[in-house]
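Right, one structure below, let's go through it.
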Amino acid sequence: MSLLWTLVISAVTVLATFPLTRFLGRHAGWPIAALYLAAAAAFWPAAAQVMAGDTPTWSMPWVPTLGLDLSLRADGLGTVFTFIALVIGAIVLAYSTAYLKPGRNLTFYFYMAMFTVSMVGLVLADDLILLFLCWELTSLASFFLIARSGYAGEAASMRTLLITFLGGLGLLAAVTAIIVRTGTTTLSEALAHEVWDTSPGFTAAVALLVILAAFTKSAQFPFHVWLPDAMAAATPVSAYLHAAAVVKAGIFLLMRFSPAFHDVPVWNVLLITTGLVTCGIGGWFALQKTDLKKLMAYSTVSQLGLIVATIGVGTEYALAAAILHVIAHALFKSGLFMMVGVVDHATGTRDVRRMPVLSSAMPMAFWVTVLGCASMAGVPPMLGFVSKESILTSMLDSPFGVVASWAAFLGVALTAILTFAYCAKIVFNGFYDGRGQAKWPEDRPLHTTPWALGTFAAIPIVVGLPLAFVVGILDTPVGRATAAMLPADAEEPHPHLALWHGVNLELITSLAIIAVGVMVILRRRFFFPAREHDTFSFDGADVIRVINDTAADIGKALGALARADNPTRHVAVQFVALAALVLGGVGVLVARDELLPVQEGLVSPVDAVVLVIIAGAVVVLGRASSRLAAVVALSTIGAAVTVQIFALGAPDVGMTQLLVEALTVLMIMLVLQRLPQTFGRGPRWGNKAALVLAVVGGLSAGVATWALTGRRDRSEIAIWYLTEGPVETSGDNVVNTILVEFRALDTFGELTVLGMAAAAMVAILSTVRDRYLDPPPEADRNYVAPPEVPLQAEGSTAYRAIAEAWGNAVPMQIMVRVTAPLLAIISTILFLRGHNSPGGGFIAALVGSSIVALIYLATSRDRVVGPPRLPLRLVAVGVLIAIGTGIWGMLGHASFLEPLHGYVFDIHVSTSMVFDLGVYLAVLGLVMEAFNLLGATGGREGTRERADESVEGEISGPMDTSRGERYAETRRGIPGRRSTYLQQDRPPRPGGGQ
Amino acid sequence: MIIPITVGVLTAGAIYLMLQRGMVRIIFGLSLLAHAANLVILSAGVTAWRGEPFPDAAGAADAGDPLPQAFVLTAIVIALAVTVLMLAMAVIGHNDDTKRMPETGETHRR
């Protein structure tokens, strides 16, 4: 339970950041640090158990169907890392209260807390999926913490994300492979599995994936580039994430998987070589930096390399040395990072070339930094000295033969010289020499360091000093952690850490390193400035940019093959492909004589009549240059197809087709009055090419239909619907019951398509400004003035009949008064009887829509039918009703959209009727919206104003905005007072790409 | 086997129109293609049985396959929605030429 409490307190901290930062501002760091310490205290009983040789666990079912458990397990390794994460975290947060600018700083505290909980989860996880999730969460939190530092962090955070997620993918692959192969998601069981001994190939592959993940996170060459980048983040972030926590997550992963891989050759070789190379180049680059924070970043890269190399040795002694150095490094590096923050705060710069003499001005900070650097450089009697001695010993005692051991030993010794040199640079260039003293005005005072800033920066460094003298107390934790890094059956390790091991090779080496270092210090006025230039003319960011740009270019080149602004190219490609597929495939079927016999009685005389009409109308439609003539031909085809559908025994479909045809023709006519009278030019390749493609495509479609339909008996499912459908639903109209009951989810999808079409029309039209959407006659190249009809004088009846519309509309209006109620009644009847006879929601809605069309046509000039916001609301209500019945069915029958049947006064009712109402409203909404938008013919209201009114309600003119623009950016055409846009200053929703 | 010929004629007309430049002709082509597709789906239910699918009223012996009919009914209404959306785009700038971008006052990177 102790484990759970730790995690729960950490998780509560994340939520607590919201109220705490609201009330306390930047001082929220105090209670949050206290919560961290509380979490650490909660962990204490578990830690005590671990030290006693136990491994407390806790688990609960997580996804039972997949056999996943939310399981936690504390061993020596988890304990050490938990305390590092929580205690260093608490110190850094206390430091932040003085470092951050006054203000809420919510994102800082929120992401820090989120990071901590995921880090604690990571190190305590005993489930591979949980491990992976926490791993990715640490990556994400780290990304956000870098990204929140503004413009400088933008590109850097993206590079960090790219690299760490690459490793995340590696870990995902590794975790998946392990789960599949070992059959368990429990980490401790998987690591103890026999597969690691029996299958070397699999072991090596998984080891490589784990190494990829760890190297990206722990900034090992060549993935080290993100860490210096990440210095764009605030100093507390660097001190915590980039010294103690996030980069140590990679180290942790290597240590966690060490029991399985510690004796795998590829593991040893890769870890040691990459580790030492990283250590070397990190140290070299650190020496070249003048920015103290960048210097620290490269020094971290270097130190991580050292730890990785030590893990790679894989012996008990080496693993103990590695964990000791992890502890030592977490302490001195987080402290040093915070010291950089102190210096930055005091002087306003981090560049050693501009530093005044600080050793006398800030003696406390100076001596703390000296201690920290001494620990990093491995100068006795610091904790870093003990760990570096241990690392040297473990290299010398490695099991890889004398030559390799000596090579590794010398490698560590050489990198130690670099470490010593850059440590000297920090101390002397940063504090003592005052290289920038000349540029520093005499009277410019240093900023006073707040007590919290200095104190908490000093704590982690200062505790390293006494710890070195009583390093024996770390024997048990280090021993338990080492035990966790060795296979379960290995002998319990008992390391004996001590400051003084007597005079041995390691001590002499350390003295030699110090001697070389002292020479560097003596020659520093020449040595350091001479190093301060980059070795390469490019850096990691450039490499990533090149990779990124190359990938984008390739993507663009590939995309260009299929990209076209007009549909011709897509259509042509698709139909050529269809023709090739069909003609080839059917050819093969015919050649092998594999076609089934044709069913008898497929043909009816009506089919022939329909074919003749359609063929004639298609020819007319293709040849017509007048748009009006084309519409007539199109509606002829529509009518003929309707006849064909009725002849196929589908009355519901036929009625739908007929009504849709009528409405479509009306809408087309609305649009045509704003378009040129005749069609434009033909396609670029000429009409002949189009004709050839059309003939081939038509032939293949016909052949496909001939070859692939009408060659079987009635399907089982048809028989089932016909016999069982009425029984199941007590509705005789099988098509309708399929729509609203059996396949209601399809219908639900369809009515959302209708709703989306209505919303999309409004959305698209409201991106185009009024003067471009409906250009005035002088700007409209296709404008045709109304014909001059030489008639009698203005005011005469003949004149009015032509020039004024209202007189012509009177008969229509009178007719509407009669037909509209009649149609409403018909619509209602069709709706109600849909379950048993032809009718239902779609057909009823289309009849209802024709009332809208009639009303629209009967007015003497274009105007909106109904309130402007009604159509979109109808659509929304329709979709909501459909969802409501779906959920209702789910509650009643445990299945989305399953209808509930019942009786009201002996009349059978079903919730599918309510669903049908949703369909009705959505169709009606779409048709109303279409008439309102497409019917706007200039006059008083343009299309743009109609589109705006669909959302905003009645306004006095079109908005002069595109979606995504702010109100302040608009210049004229201010929307009317009833617009919520103006009242609440709520601009239209931002569009994409803005 | 006449319906396959009807489908072929409709598809040929559809392709010819969809290869033209004007949006309105493309819309017309799409309507023809929708007709053709609907007939294909209906004929997949085998056109030898042409009774109306009302088992109690008309008897199930001769009834057509109701499932393709339900699909086609849905398809017709969706075709209406697509047509309406395309009509709305055809009307922008009072010009339906798809080779020329309508003038919208926007500058867009290409």
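Please read all numbers here as calculations on a predicted model, not as lab measurements. Residue numbers begin at 1 in each chain, while the letters A, B, ... track the order of the sequences.
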Nearest-0.5 Å distance, CG of residue Leu85(B) to CE of residue Met761(A): 7.0 Å

Among [options], which residue forms the greatest number of heavy-atom pairs with chain A at distances under 4.5 Å?
{"options": "Pro66(B), Gly29(B), Ala81(B)", "result": "Pro66(B)"}
{"options": "Thr11(B), Thr74(B), Leu42(B)", "result": "Thr74(B)"}
{"options": "Ala36(B), Gly51(B), Ala44(B), Pro55(B)", "result": "Pro55(B)"}
{"options": "Pro53(B), Gly64(B), Ala90(B), Gly22(B)", "result": "Pro53(B)"}

State whether the side chain of [X] and the backbone N or O of [Y] hold a donor-acceptor pair below 3.5 Å, judged by distance alone.
{"X": "Gln644(A)", "Y": "Thr6(B)", "result": "no"}
{"X": "Arg25(B)", "Y": "Ala630(A)", "result": "no"}
{"X": "Arg714(A)", "Y": "Ala63(B)", "result": "yes"}
{"X": "Asp732(A)", "Y": "Asp56(B)", "result": "yes"}

Asp96(B)/Arg627(A) salt bridge by N-O under 4.0 Å criterion: yes

Verify the neighbour count for atom CZ of Arg623(A): are there more than 12 heavy atoms of other residues, nucleotides or ligands below 6.0 Å? no

Within the 3.5 Å criterion, strictly below it, is a donor on Ser43(B) or Thr709(A) matched to an acceptor on the partner's side chain? yes

Is there side-chain contact between Tyr16(B) and Val692(A), with heavy atoms separated by less than 4.5 Å? no

Heavy-atom contact with chain A under 4.5 Å, split by part of Ile26(B):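 Contact with chain A involves the side chain of Ile26(B) alone.
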
